[in-house]
Amino acid sequence: MGYSKLKLGTFLAVLAVLLALYFRNSDNILQKKLHSVLKALENLEKKHVIHPRPRVAIGYGICTDVYIEANNLLEYNEDIGEPQHYNEINNKEELLKSFAYYFRHGAAAERYMSNDTLFDNLVAAARSYPSSYTTIGGNAALMAMRLVREGCDVVLAARMTHSLLQMIPEAITVVGGKAKRDDIHLVLEYKRGETWGPYTTGRANRYIIHNDKLNPEASGLEELEKILPEFNPHLLIISGLQMMDNYPFKQGERASRLQKVHEQMIKQPKSMKIHFELASYAGEELVMELNKLIIPYADSLGMNEQEIANLYNSMYYGNISLVADSTPRVAVVLDQMRALFKLIRSRGDGINKARPLTRIHVHTLAYQAILTVKDSIWKNTMAAAAKASLTAHRHVCSVSEIDLQKATLIMDDSFTTSILSGTRIPLNVDKPVACWNEVFHVGGRRIPVDICVAPVLVCTEASQTAGGGDNISSAGLALQI
């Protein structure tokens, strides 16, 4: 009996050593793989210097972001019942149901809270935690700061208080006038694998609530209009229009503001490119208005995996997708990009003053995908995909230098370029950005395009997810203007 125990003990000890060696070897292989991918991406990023300084005008809006860990502020209550979607949040019960709805899918969401008192109380409660912190927020402001960092001259259209203006980098020219009070966004962050009640999230993300008064009006629009001819930017970026979602405008006021944004877009010379950055939309009516007044007049579109599914459903089926796969396969996203490109280009043929869409950038947790029309104004597509990938990690991990101990790859070792009849492309760690050419047939025309897909070195210790899309999209644009 003692001999049998000795043999079992020896066997288990040897097994433990072999498992330790196996996992150590596997970790070494992964680290070598990550190192090769990182060096290749960095080489592509450094290959292109941004010179001369591109001029970029960005609207609309700014806010103060208050960050708090969701579990600190929201306590799960069994009485809340099933998760539920709401276009706007009116009370605590709706907040908890809505948060659960998106948390369980690991999906980003941004919702308007109509209850001023509840919102102010939540902000005060969040700020009472030592772990909470405050930064500049808002799509336009974050994109402006990233583009200045990347070497662009930037004009930002937004109204803000003097104290917030003092926090804006001096290199950014601000137009839009003063405000008595800044809009605040409460950012509820959560990490991959966190639990909330019976729910566990599959990825790090955020749920944002706001009670904005300035941003829904596209503040700074008129002031930007005055300066555009003199500044003569290479690129005009339209962002932040999701703040109009479910805001209690007076009758016809939202349509009037959107019409003014539309008129601003169609006034610009063709030499000035226009990019529209999408966001999380809850109301079908606003999405349909954007499809009519904004999207046909943009040269470039930027969005994440949730937003492309939303746009696809709205354009093809007339409804919106509240949540989508948070880690979609490359082939799925590429097929959505192709379909949207062809539909938008085809519809644009019958729209007066529409611009031919020439660029789509989809930023996901696992990879970056950029489609550009061949020989268009958009250059350096491969390098832009690499830079966007690196920026994703740097922003989420809040670092300037990537630490491979806090990185991983979740994109498959190979991907298919289309669900139906695609080509399988393996990941080459020495040349990780895969690029190829395709020809689209739209309205009897042949449109050659370049498509590039870059893996993301996903941050495994997320510091912040809010603002990720704004930083990623801007970094990609900076190399392509």
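This structure is a prediction, so every number in the text was calculated from the model and none was measured.
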Spacing of [X] atom [atom1] and [Y] atom [atom2] [to the nearest 0.5 Å]:
X	Y	atom1	atom2	value
L457	E42	CG	CD	9.0 Å
N115	E94	CG	CD	10.0 Å
I451	N437	CD1	CG	9.0 Å
N87	S98	CG	OG	9.5 Å
R359	L371	CZ	CG	10.0 Å
H441	K342	NE2	NZ	8.0 Å

Can you confirm whether [X] sits close enough to [Y] that some side-chain heavy atom of one is under 4.5 Å from a side-chain heavy atom of the other?
X	Y	value
P426	D413	no
M303	N310	no
M243	Y60	no
L340	L301	no
R347	M315	yes
M288	K292	no
R254	L286	yes
V56	L477	no

Spell out, as yes or no, whether a donor-acceptor pair under 3.5 Å connects the side chain of [X] to the backbone of [Y].
X	Y	value
T416	I419	no
N380	H48	no
E307	N304	yes
H361	S473	no
Y367	S389	no
Q368	V456	no
D183	T64	no
H210	V187	no
T417	T423	yes
R355	D299	no

Original post:
Please, which pairs that meet ring pair (Phe, Tyr, Trp, His ring centres under 6.0 Å) have at least one residue in residues 330-352, sequence neighbours excluded?
Top reply: F341-F440

Show the nearest heavy-atom pair for residues [X] and [Y], with the distance to one decimal.
X	Y	result
S280	Q242	O-CB, 3.7 Å
L427	P455	CD1-CG, 4.0 Å
G469	E277	O-OE2, 4.0 Å
L420	D335	N-OD2, 4.4 Å
P328	D325	CD-O, 3.3 Å

**OP:** Decide yes or no on side-chain contact (heavy atoms from CB on, under 4.5 Å) for M113 and L122, but give the supporting numbers first.
**Re:** CA-CA 11 Å; M113 178 171 279; L122 287 168; 3.8 Å; yes

Who pairs with [X] by side chain to side chain donor-acceptor pair (under 3.5 Å), at least two apart in sequence or on another chain?
X	result
D375	none
R146	E150, N471
T460	none
S132	none

Original post:
Going through the distances and angles, do N211 and V123 end up as a side-chain contact (heavy atoms from CB on, under 4.5 Å)?
Top reply: CA-CA 11 Å; N211 182 242; V123 171; over 6 Å; no

So, using salt bridge (charged side-chain N to carboxylate O under 4.0 Å, His left out) as the criterion, who are the partners of [X] when residues are at least two apart?
X	value
R394	E45
R446	none
D116	K213
K374	D450

Subject >> Partner set under disulfide (SG to SG under 2.5 Å) for C459, not counting sequence neighbours >> reply: C397

Original post:
With sequence neighbours left out, which residue pairs that include part of residues 463-474 fulfil the salt bridge (charged side-chain N to carboxylate O under 4.0 Å, His left out) condition?
Top reply: none

With a 3.5 Å cut-off and sequence neighbours excluded, list the donor-acceptor pairs that the side chains of residues 67-79 form with protein atoms.
unit_1: N71; atom_1: ND2; unit_2: E194; atom_2: OE1; d: 3.0
unit_1: N71; atom_1: ND2; unit_2: T195; atom_2: O; d: 3.2
unit_1: N77; atom_1: OD1; unit_2: D79; atom_2: N; d: 2.8

**OP:** Could you check Y190, Y207, Y199 and say which one makes a ring pair (Phe, Tyr, Trp, His ring centres under 6.0 Å) with F103?
**Re:** Y190

**OP:** Report the C-alpha separation of Y102 and R111 in whole Å, then their side-chain angles, then the decisive distance to 0.1 Å, and conclude whether the side-chain hydrogen bond (donor to acceptor under 3.5 Å, both in side chains) test is met.
**Re:** CA-CA 11 Å; Y102 290 96; R111 292 294 175 266; 2.5 Å; yes

Original post:
CZ of R104: more than 12 outside heavy atoms within 6.0 angstrom?
Top reply: yes

Original post:
Is the number of heavy atoms from other residues, nucleotides or ligands within 6.0 Å of NZ (K250) greater than 12?
Top reply: no

**OP:** Mind running side-chain contact (heavy atoms from CB on, under 4.5 Å) on R203 and T465 for me, showing each step along the way?
**Re:** CA-CA 10 Å; R203 61 164 290 184; T465 61; 5.8 Å; no

**OP:** Show your working on side-chain contact (heavy atoms from CB on, under 4.5 Å) between R257 and K260 and close with a plain yes or no.
**Re:** CA-CA 5 Å; R257 294 306 288 171; K260 288 187 177 181; 3.7 Å; yes

Subject >> Qualifying residue, where the test is side chain to side chain contact (heavy atoms under 4.5 Å, CB included) with S314 and the options are I295, N291, N319 >> reply: N291

Original post:
For S463 and S398, what are the C-alpha separation, side-chain angles and deciding distance, and is it a side-chain hydrogen bond (donor to acceptor under 3.5 Å, both in side chains)?
Top reply: CA-CA 6 Å; S463 173; S398 295; 3.1 Å; yes

